There are 2 protein chains.
Amino acid sequence: MNFDGQLPPKARLLKAAAELLANSAGKPVSTRQITELAGVTAPTLYHHFGDKEGLFNAVIDVGFEEYVAGEHNFAPTGKPLADVRQIWDNHLKFGLDNPQLYSVMFGNIRPESRPARVAEAEGFMEEMLEKAAAAGQLCVAPQEAARSILAANVGVTLMLIAEPAAERNFDLSDMTREAVISAVSSEAELSGAGAPVGASSVVVAAIALNAALESSHPEQLSTTELKMFLEWLDRIAKTS
Amino acid sequence: MNFDGQLPPKARLLKAAAELLANSAGKPVSTRQITELAGVTAPTLYHHFGDKEGLFNAVIDVGFEEYVAGEHNFAPTGKPLADVRQIWDNHLKFGLDNPQLYSVMFGNIRPESRPARVAEAEGFMEEMLEKAAAAGQLCVAPQEAARSILAANVGVTLMLIAEPAAERNFDLSDMTREAVISAVSSEAELSGAGAPVGASSVVVAAIALNAALESSHPEQLSTTELKMFLEWLDRIAKTS
DNA sequence: TATCACCTATAGCAACGCTATATGAAGTAA
DNA sequence: TTACTTCATATAGCGTTGCTATAGGTGATA
């Protein structure tokens with residue numbers, strides 16, 4: 001159907017695969033779909049890319065770098081930990097934009113395909129953390145820190161991908177990101193943007209009361225009052 | 001080949017699926033393998049389980065509970081945060097013991113299969129964290145804490161699964177676990193009081209919140225709202 | 001005995017990833 | 001030009017996958 005002008009078949013396959021993967025909303029994409037959209041036949045795909053996974057890896061090579069290290073989305077600020085946050089957010093964005101590709105890369109178990117990609121992402125994270133370590137901002141080895149942060153990043157991304165886009169709550173990402181970063185960094189960053197650890201005792205007390213009320217007998221309060229009451233407690237508890 | 005004695009076909013299918021999944025080292029398991037090992041034909045599988053995923057979910061129902069909540073592997077200690085650590089470790093162990101099943105549950109994107117399982121694991125984690133919140137050990141809402149911890153748990157488990165068993169470094173798990181737990185907990189673990197659950201804890205929490213509110217007026221509540229709020233707090237403290 | 005619901009088998013469909021083989025196009029050497 | 005080589009694409013189809021339309025067998029109940 002679509003022959004994409006004068007592009008050679010290899011490029012058309014890459015473009016078709018990327019397009020289908022981006023729009024497939026999580027459902028698997030078949031080689032037949034790809035070759036039809038690219039206007040070529042099956043042997044062409046296997047001639048250029050070996051197999052389906054080879055094609056997907058080629059797409060990833062084009063797309064992943066763009067998000068993780070591409071100039072458009074990432075420019076080192078000189079502040080290593082800020083760069084780590086940027087890498088985290090780019091990683092998440094890539095996963096949400098390309099759920100199908102992402103699951104191939106990180107949700108997969110097969111040891112022959114996953115480690116190469118993971119190692120690449122890990123190496124990039126580690127690179128930043130080495131700078132942080134050189135600046136005395138790390139309290140663990142950069143490699144261990146990179147692995148921990150990347151693991152949490154993958155878990156958060158998979159969890160958010162699995163949710164309907166409308167219900168996604170990015171507090172999960174921010175909160176977890178700050179948790180793992182602050183755990184590996186030597187100084188308590190008072191930057192404030194993340195999760196203020198020494199949050200006001202009001203929040204702690206509100207959360208405790210909220211939980212206590214829900215676990216005790218709510219009959220003591222009239223239902224309408226209780227609803228408003230819990231709503232306010234909830235609002236207080238979420239100001240963090 | 002193997003008819004497993006007198007077990008009914010449904011049980012044979014479950015057993016065959018579990019066995020193949022456990023030994024398949026990450027490679028996909030086909031319905032034909034399963035039905036052949038169980039000594040039944042395809043329609044039997046679909047009659048009992050609907051589809052392949054239904055069978056896998058049934059296997060998970062048997063196996064997952066065993067690790068996450070089973071009596072043999074989990075007994076609440078009364079210290080909520082210690083229980084959370086136990087849940088984390090059980091979760092990881094389950095993933096490493098059943099990599100294929102685990103990837104179906106958590107590494108998968110399809111929104112129709114994943115949320116049910118995730119919600120179950122999340123609910124269990126949340127249950128523990130509510131107790132922690134009631135004891136004043138949490139600085140965020142239990143639900144948010146549960147999601148963050150579970151996300152990190154999933155990420156760590158997938159990363160360790162993808163590594164050769166010999167090279168697995170469990171420091172990654174311990175480190176990340178403590179990072180997310182400490183991020184959601186109010187640093188003062190007052191666990192000396194044990195687990196105060198019931199009306200009395202409501203009073204204690206209400207008094208604490210009352211005092212905290214009066215000393216720091218949060219801008220989230222209008223003054224009239226604040227007055228009513230404090231009045232109700234007062235009533236709770238007296239009627240319980 | 002007759003009925004009926006439940007369970008299982010025969011046989012096969014459509015879609016999948018992939019390939020053995022052949023054909024065309026393009027460059028090189030004589 | 002002609003012959004040879006090489007790369008790239010097409011025709012056609014293999015073996016496997018998840019799944020099902022249909023029918024037959026089996027045991028409990030009336």
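Computed over heavy atoms, backbone and side chain alike; hydrogens, waters and symmetry mates excluded. This is a predicted model, so every value here is computed, not measured.
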Which residues satisfy the side-chain hydrogen bond (donor to acceptor under 3.5 Å, both in side chains) test with S173(A), sequence neighbours excluded?
W88(A)
With sequence neighbours left out, write down each residue that passes side-chain hydrogen bond (donor to acceptor under 3.5 Å, both in side chains) with Q143(B), or none if nothing qualifies.
none
For residues 149-160 of chain A, please give each side-chain donor-acceptor pair under 3.5 Å, one per line with the distance, not counting sequence neighbours.
residue: T157(A); atom: OG1; partner: N153(A); partner atom: O; Å: 2.7

Mind checking what makes salt bridge (Lys or Arg N to Asp or Glu O under 4.0 Å) contact with D61(A), not counting sequence neighbours?
R117(A)
Outermost nucleotides of DNA chain D that come under 4.0 Å of a non-hydrogen atom of chain B:
dT17(D) to dA21(D)
The first and last nucleotides of DNA chain C lying within contact of chain A, meaning any atom under 4.0 Å from one of its heavy atoms, run from dC16(C) to dA20(C)
Can you tell if the side chain of H91(A) reaches within under 4.5 Å of the side chain of F124(A), non-hydrogen atoms only?
no
Can you find a pair of side-chain heavy atoms, one from M175(A) and one from D171(A), that are under 4.5 Å apart?
no
Tell me, with the steps shown, if T41(A) and T35(A) meet side chain to side chain donor-acceptor pair (under 3.5 Å).
CA-CA 6 Å; T41(A) 51; T35(A) 55; over 6 Å; no
Interatomic distance, H48(A) atom NE2 to R12(A) atom CZ [nearest 0.5 angstrom]
9.5 Å
Whichever of A42(A) and T44(B) has the more 5' nearest nucleotide on DNA chain C, that residue is T44(B)
Need to verify one output field. Residue with the more 5' nearest nucleotide on DNA chain C, S30(A) or G50(A)?
S30(A)
Comparing R32(A) with T41(A), nearest DNA chain D nucleotide closer to 5' gives the residue T41(A)
